[in-house]
Amino acid sequence: MEGESHCAPVVADTRSVEMAFFPVLLLLLSVVQRGSSQDPDEDSLAVPRGCGWGLVRPYTLLCDLDSVWGVAVESAAAGGALAAILLGLIILCRLHHVSEAEKRSGVGPILLLLLGILGLFGLSFAYLIERDEQLCLLRRALWGLLFALCFSCLLVQGVRLRRLGRERRSPGGCALTGLALGLSAVQGIIAAEWLLLTVLREGRAACQYLPLDFSLACSYVLALLLAALGAASFALCGKTRQWRCNAIWLLSACLLSLLLWVAWVGFYLYGNAWLGRSPDWDDPALAIALVAQGWLLLLFHAVPEAHSCLRSPPQPSAPDYFDTSQAPSRMRETSFDEDIPLSHRQFPENQGYGFDENTAGLRSAGNHNGNTAPRPSAPFRSNVYQPTEMTMILNGGAVSSHIVPSAPPTYTGRQLW
């Protein structure tokens, strides 16, 4: 009995320890079982090479070194977005230096174009993420709208350069910006109707669409690009050569954009199917098209147009007053009464002492040397004879010494020399 009484507390203590250790054992077993049930292939798929532990699915294309196209598109898009932001800030900071109305009218479309280019670079990141329903809605809604915004800016720039070439004046910057926004809003309505018909009414998934339907939804964007190409071609036929360089840059941007659209639409519709990569290479093709179009518009239109608007006007060259072969300059048309001494100035109340150089002075000179040819006169030497250095320069030679005795008296009756 005494042995049993001593053993009872020991058994109770061991049971309490077992009850306390049992939950910890279950937790360890569950962790071990979870770690052993995971496949190493799944771990490598969740964290690809180059991503580390920072980014996981669905953002692995941003850092996956096995899919190099994702890293390249990401780098190009980030650099283009930074360049567009810097160019926009430069234009805004130097806007007060642009004083000409013809140049200020192009600032609004340039800033709107930079906003569209920034949107193109930002939308390219949506193709580096694994698609889901919300992401597909964003892609389908913004694709055509951003391209329409950019091509509308090209179209209004063509209209502006055409007006400057023919009439040497341009519509206001607010009017051009409003026209570009109105033209791009049409594509927004088309994209909204396409989504309403396919997603809400027919109940399809946003990611399930045919490539041909996607291309047909962007037909209005292609029409805007063709219209911008025509406007840029007409801008080259202007009378003023000052804006012809801007029209050449605009025409180059439109032509390259058209070639890019033919390339990516052909590859998206037929190239992927011909290579057997139809579902896999759809997103890379669209992402590369976005980045290429953004850089093309930035380099071939935004940068040259911004440089043309911010460039200071050429300073007029100073005339050479000692060159007698030039046309009469403004100095010869200006009154020099302030530079003439008080004793040599003419006064209207002393008309009796006036002297007409072209008649009396030259007649008296002709009595001495027999030369009766009229001498060229300056505007300020009509009444008073002034044989100064400026007079000799304007007359193209030195004054003859025979004319000295015939110098007229001043209004005081005193001889000049």
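Residue numbers start at 1 and run along the sequence shown.
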Looking only at heavy atoms, what is the nearest atom pair of Ala247 and Leu236, with distance? CB-CD2, 3.6 Å
Donor-acceptor pairs under 3.5 angstrom involving side-chain atoms of residues 296-308: please list them, not counting sequence neighbours.
from   : atom 1 : to     : atom 2 : distance (Å)
Glu305 : OE1    : Asn246 : ND2    : 3.4
Glu305 : OE2    : Arg160 : NH1    : 3.0
Ser308 : OG     : Asn246 : ND2    : 3.0

Applying side chain to side chain contact (heavy atoms under 4.5 Å, CB included), run through Leu128 and Phe125 and close with a yes or a no. CA-CA 5 Å; Leu128 301 178; Phe125 286 93; 4.2 Å; yes
Taking all non-hydrogen atoms of both residues, which atom of Trp143 and which atom of Cys218 are closest, and how far apart? CD1-SG, 3.4 Å
With the side chain counted from C-beta on, respond yes when Arg139 and Leu286 share a heavy-atom pair under 4.5 Å apart, and no when they do not. no
Is any side-chain heavy atom of Arg140 closer than 4.5 Å to one of Leu195? yes
Looking at every non-hydrogen atom in both residues, tell me the closest pair between Ala273 and Leu269 and how far apart they are. CB-O, 4.5 Å
Please work out which of the three classes, parallel, tilted or perpendicular, describes the rings of Phe151 and Phe147, given edges at 30° and 60°. tilted
Should Leu145 and Leu149 count as side-chain neighbours, where that means a heavy-atom distance under 4.5 Å? no
Are Ile91 and Leu114 close enough that some pair of their side-chain heavy atoms sits under 4.5 Å apart? yes
Rounding to 0.5 Å, atoms CG (Leu154) and CG (Leu224) come to a distance of 9.5 Å
Side chain to side chain contact (heavy atoms under 4.5 Å, CB included) evaluation trace for Trp69 with Trp281: CA-CA 11 Å; Trp69 71 270; Trp281 284 10; over 6 Å; no
4.5 Å side-chain heavy-atom contact, Leu222 and Leu258: yes
What is the distance from atom CZ of Phe234 to atom CG of Leu161, rounded to the nearest 0.5 Å? 14.0 Å
So, for Ala141 and Ala191, which heavy atoms are closest and what is the spacing to 0.1 Å? O-CB, 4.0 Å
Do Trp194 and Val199 come within less than 4.5 Å of each other through their side chains, counting heavy atoms only? no
Hey, does Phe267 have a side-chain heavy atom less than 4.5 Å from the side chain of Leu275? yes
List in chain and number order the residues that pass side-chain contact (heavy atoms from CB on, under 4.5 Å) with Ile129, two or more places apart in sequence or in another chain; answer none if no residue qualifies. Pro58, Tyr59, Leu135
Arg169 and Glu102: CA distance, side-chain angles, deciding distance, side chain to side chain contact (heavy atoms under 4.5 Å, CB included) verdict: CA-CA 6 Å; Arg169 62 178 183 177; Glu102 295 83 2; 5.6 Å; no
Are Arg104 and Ser99 linked by a side-chain donor-acceptor pair shorter than 3.5 Å? no
Nearest atoms (heavy-atom pairs only) where Ala287 meets Val73: CB-CG1, 4.2 Å
Taking all heavy atoms of Ser105 and all of Ser170, pick out the closest pair and write down the distance. OG-OG, 3.2 Å
Nearest-0.5 Å distance, OG of residue Ser124 to CG of residue Leu290: 6.0 Å
Got Gln293 and Cys150 here, is their nearest side-chain heavy-atom distance under 4.5 Å? no
Working to the nearest 0.5 angstrom, can you tell me the gap between Ile90 CD1 and Ile85 CD1? 12.0 Å
Between Arg162 and Cys237, is a side chain to side chain contact (heavy atoms under 4.5 Å, CB included) present by the stated rule, with each step listed? CA-CA 8 Å; Arg162 176 62 175 169; Cys237 304; 4.0 Å; yes
If I take atom CH2 from residue Trp295 and atom CG from residue Leu120, how far apart are they, to the nearest 0.5 angstrom? 13.0 Å
Could you tell me the separation between the CG atom of Leu196 and the CZ atom of Arg201, rounded to the nearest 0.5 Å? 8.0 Å
Where at least one partner belongs to residues 202-230, residue pairs that pass side chain to side chain donor-acceptor pair (under 3.5 Å), sequence neighbours excluded: Glu202-Arg204
